[in-house]
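To keep things clear, I will list the structure first and then write my remarks on it.
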Amino acid sequence: SSWWSHVEMGPPDPILGVTEAFKRDTNSKKMNLGVGAYRDDNGKPYVLNCVRKAEAMIASKKMDKEYLPIAGLADFTRASAELALGENSEAFKSGRYVTVQGISGTGSLRIGANFLQRFFKSSRDVYLPKPSWGNHTPIFRDAGLQLQAYRYYDPKTCSLDFSGAMDDISKIPEKSIILLHACAHNPTGVDPRQEQWKELAAVVKKRNLLVYFDMAYQGFASGDINRDAWAVRYFIEQGINVVLSQSYAKNMGLYGERAGAFTVICSDAEEAKRVESQLKILIRPMYSNPPLNGARIASIILNTPDLRKEWLVEVKGMADRIISMRTQLVSNLKKEGSSQNWQHITDQIGMFCFTGLKPEQVERLTKEFSIYMTKDGRISVAGVTSGNVGYLAHAIHQVTK
Amino acid sequence: KVAGAGPALARPPSSGVGAAGRPSVAPGVDRTALLLLAAYRTDEGQPWVLPVVKKVEQMIANDHSLNHEYLPILGLPEFRANASRIALGDDSPAIKENRIGSVQSLGGTGALRIGAEFLRRWYNGNNNTATPVYISAPSWENHNSVFVDAGFKDIRTYHYWDAAKRGLDLQGLLDDMEKAPEFSIFILHACAHNPTGTDPTPDQWKQIAAVMKRRFLFPFFDSAYQGFASGSLDKDAWAVRYFVSEGFELFCAQSFSKNFGLYNERVGNLTVVGKDAENVQRVLSQMEKIVRTTWSNPPSQGARIVATTLSSPQLFAEWYDNVKTMADRVLLMRSELRSRLESLGTPGTWNHITDQIGMFSFTGLNPKQVEYMIKEKHIYLMASGRINMCGLTTKNLDYVAKSIHEAVTKIQ
């Protein structure tokens with residue numbers, strides 16, 4: 001007999017399960033709108049030119065492979081903080097922050113979650129927007145925290161339920177943890193406007209909540225890194241000492257290299273040092289120290305003026321292609337004769353779009369048209385191309401007319 | 001904390017400290033004896049990127065068909081299969097019977113952590129945080145933290161190092177296993193025990209396995225030095241393979257940091273050996289869930305290098321050669337240090353220097369003697385008396401031997 005007879009079979013990952021099914025499909029018109037990885041207009045993965053250049057620089061330098069410090073590559077973490085906070089940020093210039101390298105967005109979120117579990121004694125509750133990225137819940141749960149929710153998405157309008165959000169947030173017990181998506185909300189693509197962010201900051205401050213920003217799409221949402229970081233920077237300027245996780249998976253296309261960072265804004269540099277020491281104590285028994293490759297690529301790009309400029313152009317290019325696919329999808333739906341209101345498709349931002357399609361409609365899209373997406377009607381706009389947007393519009397019209 | 005130890009030793013650094021934690025050497029002293037780093041050094045005292053690694057990295061850099069897409073949650077399939085094959089052997093019955101699983105992890109540490117998290121959730125009941133976990137006395141200091149942070153509440157030590165005879169306390173070890181509650185988890189060093197360098201002999205492993213089988217104790221191997229210890233992959237994996245042949249279900253956390261010199265790429269693998277394929281499948285499905293909330297999916301670069309190397313007979317042979325180069329240099333330094341100490345007539349016996357194996361040696365120096373080495377001779381070693389043999393070079397052997405001689409004769 002086995003030690004493992006009672007171990008249950010884990011359920012397949014809902015998002016990756018979509019890709020598995022897609023791979024098995026033999027229909028030549030099939031579309032994978034499930035997983036959130038950018039594709040070019042030919043539907044192919046895109047390695048950024050600035051990444052290739054950085055890699056060539058690395059290959060020519062013949063560096064050693066010695067362990068990184070536990071907190072990661074210093075040039076990377078400093079550049080990462082500057083990218084998020086802005087070079088003129090008082091918090092950045094005064095050094096009242098600590099940034100540690102994390103294993104892309106997930107790893108950075110997890111470090112933060114573990115840190116809060118250990119050191120944020122005021123509350124065990126993390127408030128997530130409804131809905132949120134599916135992996136947020138198990139990450140915080142595995143870190144030992146509890147999950148609550150605040151209203152966020154209004155399925156009737158396919159946009160932000162701002163009054164619902166404000167109402168719920170104003171009732172969150174003081175000193176709880178609230179998670180906010182900095183930009184390009186996943187899965188809905190619905191972001192607050194700047195005036196709405198201001199009100200959110202005010203109520204969060206009033207309730208004395210600990211703000212955890214998840215920023216996985218800086219630059220990738222609007223095409224402008226400063227615009228996408230606006231909410232994070234505004235909150236900090238309002239005196240809210242946020243914690244922040246960043247990912248370079250999408251905006252630098254470094255998915256499998258796992259480049260990310262976790263930041264804590266502190267009262268002063270001395271506090272930051274103490275926080276850093278505790279973050280290291282959390283990281284060491286997880287994986288000792290982080291992988292170099294992705295962080296070094298990102299660091300070279302961020303710290304080399306020419307490559308940084310090139311990166312900004314490329315990330316805007318990706319954002320623009322996505323925005324244009326949104327526009328084309330809506331115009332194609334109109335052309336198909338759809339009488340539904342599809343404005344939310346262009347109002348929403350980032351990689352994902354909450355189409356508003358119901359599970360039965362999603363199932364029809366998959367069965368009849370070989371179009372794959374998650375059951376909640378979320379599509380990855382990155383999987384849409386000028387070559388297949390017409391087919392997609394046609395299929396959506398068929399299941400919604 | 002050792003009184004008087006320099007700032008670098010206030011918290012024993014061992015691996016993972018890197019440049020930030022390197023102590024400064026006295027002016028005029030040629031980079032001597034930084035004997036506490038946990039990385040290989042050449043005879044020039046330099047880090048060494050394996051030639052085969054350089055070659056494969058260039059191949060990867062030149063291959064523009066490669067991209068940076070996400071790996072699967074459990075990692076690169078070619079890496080996983082090859083890594084487990086290296087540990088278990090090409091002719092492993094477990095592989096033939098399709099009852100093994102692999103989880104690509106962030107270094108050996110990551111593999112240990114995934115295994116620990118899984119065991120806490122699913123071993124000996126559900127979420128049984130009370131299952132005792134036994135770690136050797138002494139062991140790598142991070143073992144304790146891994147299991148504590150994974151949620152285990154009862155971490156114990158088992159007798160291992162006999163300071164008086166400078167060798168394995170086998171009887172103490174076996175006694176601890178006899179007394180351990182059934183189903184306790186035992187962390188075993190597959191080879192090149194860190195920090196003592198002292199491994200059980202095959203005969204001793206057989207005794208250990210017999211007790212563990214009888215008492216239903218769970219073997220969790222930590223294999224961070226396969227190939228690096230003796231120069232032979234098979235020899236360094238003997239214990240793991242013996243346990244498999246004895247029908248154990250076990251975990252083996254593998255690191256490719258040392259034997260591939262890929263320290264900062266974080267290449268590791270958790271090998272799972274089960275009773276049958278069906279059990280292993282369920283185990284892997286749950287490990288996937290754990291990985292998903294820890295790092296989602298593992299980094300690509302290091303796994304590609306290892307997979308490419310291990311799956312090409314030519315590159316594999318080159319790698320084997322590189323590994324042997326490292327192992328042989330360490331073996332040479334051991335014999336050279338021992339012979340110098342014996343020539344100097346340094347009090348005590350010094351055969352343990354060559355009896356021990358791998359990167360580390362427990363010299364037997366006491367804390368006061370260690371302090372002398374650091375303060376007076378600028379030779380940096382751990383308070384435990386552990387030295388990293390890789391820090392020895394033909395240039396500093398004499399100095400180190402003389403310094404040990406002084407420390408032992410002047411300080412008691």
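Below, chain A is the first sequence line, B the second, and so on; all start at residue 1.
Contact annotation for Glu257(A): both backbone and side-chain heavy atoms come within less than 4.5 Å of a heavy atom of chain B. Using a 4.5 Å cut-off between heavy atoms, Phe147(B) makes no contact with chain A at all. Contact of Pro12(A) with chain B is not made at all, since no heavy-atom distance falls under 4.5 Å. Neither the backbone nor the side chain of His143(B) comes within contact range of chain A, judged by heavy atoms closer than 4.5 Å. For Val47(A), the part lying near chain B is the side chain, with the backbone staying farther off; criterion is any non-hydrogen pair under 4.5 Å. For Thr19(A), no part lies near chain B; criterion is any non-hydrogen pair under 4.5 Å. The part of Phe118(B) that comes within reach of chain A is its side chain, from C-beta onward, which places non-hydrogen atoms under 4.5 angstrom from that chain.
Residue pairs meeting the salt bridge (Lys or Arg N to Asp or Glu O under 4.0 Å) criterion with at least one partner in residues 40-50 of chain A, sequence neighbours excluded, are Asp41(A)-Arg321(A).
Looking only at side-chain heavy atoms (C-beta outward), Lys65(A) and Trp48(B) stay at 4.5 Å or farther from each other. No side-chain heavy atom of Phe22(A) sits under 4.5 Å from any side-chain heavy atom of Leu33(A).
A distance of 6.0 Å separates CG in Asn269(B) from CZ in Phe256(B), rounded to the nearest 0.5 Å.
Minimum heavy-atom separation, Asp75(A) to Ser299(A): CB-OG, 3.3 Å. Smallest separation of non-hydrogen atoms from Asn279(B) and Ser5(A): OD1-N, 3.5 Å. Smallest separation of non-hydrogen atoms from Leu282(A) and Met286(A): O-CE, 3.9 Å. Of all non-hydrogen atoms in Cys390(B) and Ala39(B), the two that sit nearest each other are CB-O, 3.6 Å.
Other residues, nucleotides and ligands contribute only 12 or fewer heavy atoms inside 6.0 Å of the NZ atom of Lys289(B).
Using a 4.0 Å cut-off between charged side-chain N and carboxylate O, Arg292(B) and Asp142(A) make no salt bridge. Salt bridge Glu276(A)/Lys280(A): absent, no basic N to carboxylate O contact under 4.0 Å. Using a 4.0 Å cut-off between charged side-chain N and carboxylate O, Glu117(B) and Arg113(B) make a salt bridge.
Ranked by non-hydrogen atom pairs under 4.5 Å with chain A, the options Arg282(B), Arg121(B), Glu69(B), Lys275(B) are led by Arg282(B). By number of non-hydrogen pairs under 4.5 angstrom with chain A, the leading residue of Ala61(B), Gly107(B), Gly302(B), Ser257(B) is Ser257(B). With respect to chain A, the highest number of heavy-atom pairs below 4.5 Å among Asp149(B), Leu66(B), Asn142(B), Val283(B) belongs to Asn142(B). Most heavy-atom pairs under 4.5 Å with chain B, from the set Ile103(A), Val7(A), Ile139(A): that is Val7(A). Chain B forms the most heavy-atom pairs under 4.5 Å with one residue out of Gly102(A), Gly294(A), Pro290(A), and that residue is Pro290(A). Comparing Phe216(B), Trp295(B), Tyr123(B), Phe183(B) by heavy-atom pairs within less than 4.5 Å of chain A, the highest count is held by Tyr123(B). Comparing Asn297(B), Leu106(B), Leu112(B) by heavy-atom pairs within less than 4.5 Å of chain A, the highest count is held by Asn297(B). Between chain B and the residues Ser2(A), Ala59(A), Gly10(A), the most heavy-atom pairs under 4.5 angstrom are made by Ser2(A). Of the listed residues (Ala150(B), Gly125(B), Ala303(B)), the greatest number of heavy-atom pairs within a distance under 4.5 Å of chain A belongs to Gly125(B).
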Got a list of side-chain donor-acceptor pairs under 3.5 Å for residues 70-79 of chain B, not counting sequence neighbours?
residue: Tyr70(B); atom: OH; partner: Lys250(A); partner atom: NZ; Å: 3.1

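Ring geometry for Phe218(B) against Phe251(B) counts as perpendicular: the plane angle is over 60°, on a 0 to 90° scale with 30° as the lower cut. Classification of the His6(A)-Trp122(B) ring pair by plane angle, with boundaries at 30° and 60°, yields tilted.
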Verdict with reasoning, Phe140(A) to Tyr212(A), per ring pair (Phe, Tyr, Trp, His ring centres under 6.0 Å): CA-CA 12 Å; Phe140(A) 285 104; Tyr212(A) 198 148; 5.7 Å; yes
Chi angles and distances behind the side chain to side chain contact (heavy atoms under 4.5 Å, CB included) call for Val273(B), Arg99(B): CA-CA 6 Å; Val273(B) 179; Arg99(B) 52 188 182 87; 3.6 Å; yes
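Near-neighbour residues of residues 110-118 of chain A relative to chain B, defined by a heavy atom under 4.5 Å from a heavy atom of that chain, comprise Arg110(A), Asn114(A), Arg118(A). Within residues 51-59 of chain B, the residues having any heavy atom under 4.5 Å from a heavy atom of chain A are, by residue number, Val53(B), Glu57(B).
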